Asks: 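Sharing a structure below in structure tokens format, with a few things to ask.
From a predicted model like this one, the values you see are computed outputs, not experimental measurements. All ligand and atom numbering here is 1-based and tracks the order in the structure. Any value given below was found using the heavy atoms of this structure, including those in side chains, with hydrogens, waters and symmetry copies removed.
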Amino acid sequence: MIEENLEAGLSFDNLDLAPEVLHAVRDAGYTHPTPIQQQAIPLALAGRDLIGLAQTGTGKTAGFTLPIVHNLISTPLTAENGEPVHRVRVLILTPTRELAAQVEESFRKYGKYTDLRVVPIFGGVGIEPQSKALLNGVDVVVATPGRLLDHMERQNVSFDDLEVLVLDEADRMLDMGFAPQLNRIVAEIPPYRQTLLFSATMPPEVEALARRYLRKPVVVQVGRRSEAASTVTHAVYPVPRDRKSTLLVELLKEANMDSVLIFTRTKHGADRVVRHLEDQGIAATAMHADKSQGERTRALEDFKSGKIRVLVATDIAQRGLDVSGISHVINYDVPQQPEDYVHRIGRTGRAAATGDAYTFMSPDEIAMVRTIERMIGQQIPRISVPGYDFGTTSDVAVPVATEQDPVDIAPPVSINAEGDPVATQKRYRRTRSVARRR
Ligand code: AMP
């Protein structure tokens, strides 16, 4: 439990956060900041650059979201008539769309008593709604590097007003080969900014990145939480039952799915999935009660050695199966018992430094997902894939267009590396309208 790590005594009230932020924290049910939050929040509030050595599950997301929301609302951008003006002031880069969706949700949760606009930008979904949202004006962009570059090329987004850059799971971004994209993005960002870098590990490549992008950073570090699933990123894909197999093939074609454990409800279901994957040229093997012990052992060996990338299993594989290095778990069917969800995703959390757990949810499984969410005490982000989603979610919030023309904005207060406020050099009178920006 996250609470085990909490230092008695210090409460959120000691952290000098704005009432709007504290209100949202109370709504979330948090009583005490986690260790990473205790260390990171005061530094981030003071405008320091930060290296956070912390994994998912430590509360790191709130560790940067809370001070960012506080700083944004403390120095609002407003027009002469007092109307809020929405410019990209914060950019968060994440390696995967699942993480982007989680971070976006975190901004919505902790920014619920503010009028901040946040937009998630990732591939695999239509670019147009994202373009519209960007052009309408947003304060916070949470993006994966590739799709963000597409928007930058289309001139959908300007970083002239950017104040804070966050690199989340920096080690994973580099593992996934995003270094060139990061360089191209950061080249477009004003050098006078606050940069926060989070990473579970600190290999030399991340150190080099930090040296290049951060100024006089403070390093904060927390140990790993003991919970097996603490490193897992969850996501639910709404998809009709008869489209699950095609969605699966699409996801498996994504480059970073190294070893995937897929769970189906029935033996026949497992066999069907294996046949479908093989038809599509993806080597897979099934593991269930109809297979002999020898067959099961061989399947497991092939999976462990990397000979077979995809193992499709029913519940028998669930407990006691310790496979190191699983990169993904896919619940092809929503588990009937909520506890099984936790056990299943525990496979990847225990084995790998990071892991993703996707759940395919057909309309008849919505109620089961809700039960799971109640049990694990958190909402699992929905990923809407066009052509698959049956329309229960909308992942891209498109704010209503506002025209402000011309606007005179109070300059925001910037804070230097020593934590002192400094005058900003930017000119803040400019003409802006959605149409003209295009
Ligand atoms: P993260 O490491 O950011 O992925 O957060 C892991 C989980 O901890 C999330 O479900 C958060 O909602 C939860 N969490 C974050 N901060 C706190 C806190 N101060 N107290 C209790 N739970 C928290």
Asks: Just which atoms of ligand 1 are under 4.0 Å from any heavy atom in T61?
Replies: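 Here the atoms of ligand 1 in question are 1 (P), 3 (O), 4 (O).
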
Asks: Does any non-hydrogen side-chain atom of T314 lie less than 4.5 Å from one of R265?
Replies: no

Asks: Given Y358, which partner from the list F263, Y237, Y332 fulfils the ring pair (Phe, Tyr, Trp, His ring centres under 6.0 Å) test?
Replies: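 With Y358 as partner, ring pair (Phe, Tyr, Trp, His ring centres under 6.0 Å) holds for just one option, Y237.
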
Asks: Check each of D139, D161, T75, N71 against R89 using the side chain to side chain donor-acceptor pair (under 3.5 Å) test, and report the only one that passes.
Replies: T75

Asks: If the cut-off is 4.0 Å to any non-hydrogen atom of H32, which atoms of ligand 1 fall inside it?
Replies: 18 (C), 19 (N), 20 (N)

Asks: Examine G59 against ligand 1 and note whether any of their N/O atoms are separated by less than 3.5 Å.
Replies: yes

Asks: Would you call I380 and T359 a side-chain contact if the rule is heavy atoms closer than 4.5 Å?
Replies: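 I380 vs T359: side chains apart.
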
Asks: What part of E105, side chain, backbone, both or neither, has a heavy atom within less than 4.0 angstrom of ligand 1?
Replies: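 No part of E105 comes within reach of ligand 1.
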
Asks: Counting only nitrogen or oxygen atoms and a 3.5 angstrom limit, does Y110 reach ligand 1?
Replies: no

Asks: Honestly, is R147 close enough over F122, meaning NZ or CZ under 6.0 Å from the six-membered ring centre and within 45° of the axis?
Replies: no

Asks: Mark up the atoms of ligand 1 that fall under 4.0 Å of a heavy atom belonging to K109, in ascending order.
Replies: 12 (O)

Asks: When you compare ligand 1 with T58, is there at least one nitrogen or oxygen pair between them that comes in under 3.5 angstrom?
Replies: yes

Asks: Any donor-acceptor pair under 3.5 Å linking the side chain of Q194 with the backbone of L165?
Replies: no

Asks: Which option out of F198, F12, Y30 puts a heavy atom nearest to atom 13 (C) of ligand 1?
Replies: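 Nearest heavy atom to atom 13 (C) of ligand 1 lies in Y30.
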
Asks: Checking contacts here: is it the side chain or the backbone of Q102 that comes within 4.0 Å of ligand 1, counting heavy atoms only? Could be both or neither.
Replies: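 The answer is neither; Q102 stays 4.0 Å or more away.
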
Asks: Can you sort out which atoms of ligand 1 are near T34, meaning under 4.0 Å from one of its heavy atoms?
Replies: 17 (C), 18 (C), 19 (N)

Asks: How about F12 and H32: are their ring centres within less than 6.0 Å of each other?
Replies: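 Aromatic pair excluded; centres sit 6.0 Å or further apart.
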
